[in-house]
Amino acid sequence: MATAKRLLINDGNCETGNDESLVGASGSEAKRLKCDDKEVAGDAESPLYFPKEVDVGITEYVGRHQGFFGVVKQRYSDFVVNEVDTSEQVLRLNDVSKPECASTVRMKTKSTEGILSEEDLKKLDGLEADGVPVTLNVVDAENKAIRTKVHNVISQLYMSFDSETIEKDGKKVIVVSKSKGNRRSAHSDWPSTKGQYCHFLLYKENRDTADAINTIARLLRQKNGSFAYAGTKDKRGKTTQAVSAYRVRAELLHGLNTTLKGITLGNFHYEAKTLRLGQLKGNQFTIVLRNVTNARNVDEAMASLRDNGFINYYGMQRFGTTTIPTHHVGRALLLSKWQEAVELILKPREGENDEISESRRVFWETRNAKVALEKLHKWRCVEGQLLRGLAGSRHKNDFLGAITSVQAASGWGPDSSGRCKEKSDGDGGTVDNPQRSGVRALTEDEVHQYDITDIVLPLPGYDITYPANEVADWYKELLAVDGLSSAALKHKVKDYALPGAYRKILVKPTNLSWKLYGYHDNTLPLTLSDLDRLNMVDEPESIADGLFEGLRVEFSLPSSSYATMALREVLKIDTSAAYQTTLNDKATGADGGRSQATLSDEGARASATHENSISDEASSTATPAGQVSASDSASHDENSGQDN
């Protein structure tokens, strides 16, 4: 039997290892990630520890090239993301003009044509501007059936307009005026001939998607559920993505641009259907790496990324950036350990200094959710919603729904590392089958028809096809370490049931380009965002004798692939926030300078050929038999809305 692949931390240093005793062990018997013999999510008195790549099984590389040193996300403006829609169009915020008033956007149909004259339509269009009631020149206004048709057309084509029939000079006429008060809601008087969803582009800076949507909904007094988007985007960055809003007027959204901070809305239009999670092709990234050393290695490393791709690990942000990893919360939910999950979410974290930190402290010391909630001004965050539930809300177990998928990602990391280590032919693989949907195992006779970019690995679930080789045993052993099994993932609570999905093992970026920049000041931008271009900001130029050197990289990735993992492949250094923060401290001082000696040391370390690299031959040609294959793995990925 293959030994269980799991992670150990000895004397504070993480390493991978094998342990026969873990095979089939229960959750209580199995050893977990530890640091100095304490759980990573241990007591508040435990040493401060943030998860790094090796902690979650991210250990392998594809190419044998030498890496180089560069700091990722030294500034959030160094990370620009534009969503790519299903038609492969890169979404760019390029129109922030005031949209036409929704009440005057007319969509003629056969049922409305010929009812109102062009003269009357012009009168109605002018009503929005001056607010003065207008009288329509209706032919045969004495005919009640004709008048009824006119009233219906006005109701269909114009929001917030009232029409009535009155007597004037002994004749019946129809007078139209603006609605007074709030007699009809925006939802109830929405024209039936108009698209019910206002689609727009959301541009945000240093804000996560959920927070931005919460802010917009609060200002418009709408429910969060009225808004939908295809995928979440990183907080630390400048990002553009599509959003749809159910029966929300474009001019109201546009009006928020004068008050929103770090958010700009534009490119408004109406459509009949809402956006749905995963309804995107991917994302285009423009990323700046600062304080680059060993720049002589850049071209070779980038060419390797272009030709060989990278291991499609989940990005470190999926495991959390605090001392309490999010997949520990997911594990508690899957094991129905509700109290443990609550306490992990509300447990104080070192390094936090905001009102959430104070709220956590109060709850931890008093276990009084109501008092802790009073410390939060913005209760719509996860902690606030959970505290509201504990304080007596009907939604007592209303945890963040997406957190249940993190446990699946936690299992995928070590398995993909193991899969990439097993390079020999005939030991198992899963491929893209263009003839059918779903997945299937390859036979040895089919191996040479595919390469490793066709391979998919499962995300654990109760309705999944596992590889027909030892990889399937790895999954069983990894799940057993946490006291789980594939069958157990069919959770009795529907929200936490995981059917499973499939994920490409390797990804090759498209539209890849790169350019080195010389610069003097770490605070100056080396790339432009959509808003910069709208404001006619000049393109950054390279300084020939710059004190520093930076690398601007552009590429596109399919949905649910992480740009930080692509950067990890070329740099060959840890991309976790914990490690990158130490590089920021080393790379910059209060005056924006850097420690050249320290950076040179890091650069030398990155330039060494990594011992865990997979050979180019294996990564591009060798496809094992027995693995599971998917014809469209992106469509099967339950996390296809997640990015970066």
Report, one line per pair, each donor and acceptor closer than 3.5 Å where one atom sits in a side chain of residues 257-267; sequence neighbours left out.
residue	atom	partner	partner atom	Å
N257	OD1	L265	N	2.9
N257	ND2	L265	O	2.9
T258	OG1	G255	O	3.0
T259	OG1	L256	O	3.1
N267	OD1	N94	N	3.2
N267	OD1	D95	N	3.2
N267	ND2	N94	OD1	2.8

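For the atom pair CG of L219 and CG of L252, the computed distance is 11.5 Å after rounding to the nearest 0.5 Å. To the nearest 0.5 Å, the span separating CD on Q74 from CG on N522 amounts to 4.5 Å. The OG1 atom of T239 sits 9.5 Å away from atom CG of D208, with the distance rounded to the nearest 0.5 Å.
Side-chain contact annotation: Y203 with S529, donor-acceptor N/O pair under 3.5 Å present.
Every residue was checked against the side-chain hydrogen bond (donor to acceptor under 3.5 Å, both in side chains) condition with R276, not counting sequence neighbours, and none meets it. Under the rule for a side-chain contact (heavy atoms from CB on, under 4.5 Å), the partners of K149 that lie at least two apart in sequence or sit in another chain are I115. Listed by chain and residue number, Q279 satisfy the side-chain contact (heavy atoms from CB on, under 4.5 Å) test with T86 (two or more places apart in sequence, or in another chain). Applying the salt bridge (Lys or Arg N to Asp or Glu O under 4.0 Å) criterion to R147, with sequence neighbours excluded, gives no partner residue. A search for side-chain contact (heavy atoms from CB on, under 4.5 Å) contacts involving H269 returns H199, E271, not counting sequence neighbours.
Ring orientation note: the planes of Y197 and Y246 are tilted relative to one another, at an angle of 30° to 60°. Using the six-membered ring where Trp is involved, F268 and F200 have ring planes that are tilted, between 30° and 60° apart.
Open room surrounds CD on E541; 12 or fewer heavy atoms of other groups in view lie less than 6.0 Å from it.
One finds a salt bridge joining K73 and D234 here, because a Lys/Arg side-chain nitrogen approaches an Asp/Glu carboxylate oxygen to under 4.0 Å. Using a 4.0 Å cut-off between charged side-chain N and carboxylate O, R552 and E539 make a salt bridge.
For D521 (side chain) and T523 (main-chain N/O), a donor-acceptor pair under 3.5 Å exists by modelled atom type. H151 contributes no side-chain N or O that, together with a main-chain N or O of I174, makes up a donor-acceptor pair within less than 3.5 Å.
At least one side-chain heavy atom of N206 sits less than 4.5 Å from a side-chain heavy atom of K235. Using a 4.5 Å heavy-atom threshold, the side chains of T527 and D78 count as separate. L376 places a side-chain heavy atom less than 4.5 Å from the side chain of I356. Side-chain atoms of W514 and L551, non-hydrogen and from C-beta on, do get closer than 4.5 Å to each other.
A side chain to side chain contact (heavy atoms under 4.5 Å, CB included) with K238 is found for exactly one of D532, L531, V81, namely D532.
For the pair R361 and F363, the cation-pi criterion (under 6.0 Å, within 45° of the ring axis) is not fulfilled.
Listed here is the closest heavy atom pair of G550 and Y519: N-CE2, 3.4 Å.
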